[in-house]
Amino acid sequence: MSQGITAPYYSYEDLRRRADEFLAKLHSAGTIPIPIQQIIEFQLGIDIVPMQGLHGLIETDGFITSDLKEIYVDQFVYDSRPGRYRFTLAHEVGHSVLHRDLFRARHFHSIDEWKAFMNAIPEKEHGWLEYQAYAFAGLVLVPKAPLAAATESCVTMIRGEGIDLEENWDFVWSRIASFVGKPFEVSGEVIERRLQKDDIPDSFKK
């Protein structure tokens with residue numbers, strides 16, 4: 001079954017372009033936080049299905065079915081971890097956008113079928129698929145222009161407190177990630193990765 005499973009190649013800028021196209025089409029208002037659940041349910045027509053104990057069964061927070069019509073999400077994440085829930089949704093819809101043909105060529109809907117599909121993917125290909133969906137999710141939930149604006153606002157606030165950015169950069173970096181993550185409703189880790197990819201921190205150090 002693993003034969004023929006080949007991950008498409010996308011550079012980070014390719015992924016940015018696809019994320020920007022996704023937002024331009026489905027959330028042209030550009031307001032933050034990105035209403036990812038509403039986009040998925042009401043504009044894409046994908047059902048979100050909470051499932052008790054899903055993470056314990058498959059060691060992941062969610063998966064999208066091969067027909068791209070349902071996203072299953074761990075019930076605990078759905079109820080109690082809003083940032084992880086939003087990122088899980090964006091990650092799974094990333095598979096729908098980026099890997100549509102690959103997923104639709106297979107047939108899986110149940111957990112056992114999903115496991116069989118995942119186990120059949122060569123490790124390198126699986127790594128590419130997950131990286132691409134992860135990067136897409138970050139780009140959708142944290143677009144570049146609002147990220148830069150929010151970071152600048154945070155840096156201005158920190159400077160106003162008399163903190164030297166260059167001498168205390170480790171502290172400042174952590175503060176920025178935590179502060180900026182709140183309006184986007186994502187974790188500090190997601191903000192850190194996005195800042196690094198866009199080379200935004202370097203412009204504020206001096």
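Computed over heavy atoms, backbone and side chain alike; hydrogens, waters and symmetry mates excluded.
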### Message
As an exercise, state the distance from CD of E123 to NE2 of H126, rounded to the nearest 0.5 Å.
### Response
9.5 Å
### Query
Do P35 and H27 have side chains that get closer than 4.5 Å, going by heavy atoms?
yes
### Query
If you round to the nearest 0.5 Å, how far is CG of L139 from CG of L23?
9.0 Å
### Query
Any side-chain heavy-atom pair from I111 and F63 closer than 4.5 angstrom?
yes
### Message
Any heavy-atom pair between the side chains of T60 and T88 that's under 4.5 Å?
### Response
no
### Task
Please say whether more than 12 non-hydrogen atoms of neighbouring residues, nucleotides or ligands are located less than 6.0 Å from CD in E152.
no
### Task
State yes or no: are the ring centers of Y10 and F136 separated by less than 6.0 Å?
no
#### Entry: Note, R16 side chain near D198 side chain (heavy atom, < 4.5 Å)
yes
Listing, residues 50-59 side-chain donor-acceptor contacts under 3.5 Å, not counting sequence neighbours, or none:
none

### Query
In terms of the angle between their ring planes, are Y9 and W128 parallel, tilted or perpendicular, with boundaries placed at 30° and 60°?
perpendicular
### Query
Roughly how far apart are F117 CZ and H107 NE2, rounded to 0.5 Å?
11.5 Å
### Query
If we only count heavy atoms from C-beta on, is the R18 to Q132 side-chain gap below 4.5 Å?
no
### Query
With sequence neighbours excluded, what pairs up with D67 under the side-chain hydrogen bond (donor to acceptor under 3.5 Å, both in side chains) test?
T65
### Query
Is it the case that one hydrophobic cluster holds both F76 and V49, taking links as side-chain heavy atoms less than 4.5 Å apart, direct or via other members?
no
### Message
Please evaluate residues F22 and V93 with respect to the criterion side chain to side chain contact (heavy atoms under 4.5 Å, CB included), reporting the C-alpha separation (whole Å), side-chain torsions for both, the decisive distance (0.1 Å), and the verdict.
### Response
CA-CA 10 Å; F22 178 89; V93 86; 4.2 Å; yes
#### Entry: Ion pair E21/R17, N-O distance below 4.0 Å
yes
### Query
If Ile, Leu, Val, Met, Phe, Trp and Tyr residues are connected whenever their side-chain heavy atoms lie under 4.5 Å apart, and connections chain through other members, are V172 and M157 in the same group?
yes
### Query
What class does the angle between the rings of H95 and H91 fall in, given that below 30° is parallel, 30 to 60° is tilted and above 60° is perpendicular?
perpendicular
### Query
Do the side chains of W173 and L195 get nearer than 4.5 Å, heavy atoms only?
yes
### Message
Is it the case that the side chains of H109 and E70 hold a donor-acceptor pair, with the cut-off being a distance below 3.5 Å and no angle test?
### Response
yes
### Check: L68 and I46 side chains under 4.5 Å, non-hydrogen atoms
no
#### Entry: Derivation of the side chain to side chain contact (heavy atoms under 4.5 Å, CB included) call for R194 and F184
CA-CA 12 Å; R194 288 288 296 109; F184 292 92; over 6 Å; no
### Task
Calculate, to the nearest 0.5 Å, the distance between atoms SG and CZ belonging to C154 and R159 respectively.
11.0 Å
### Message
I need the L89 CG to Q37 CD distance, nearest 0.5 Å.
### Response
6.5 Å
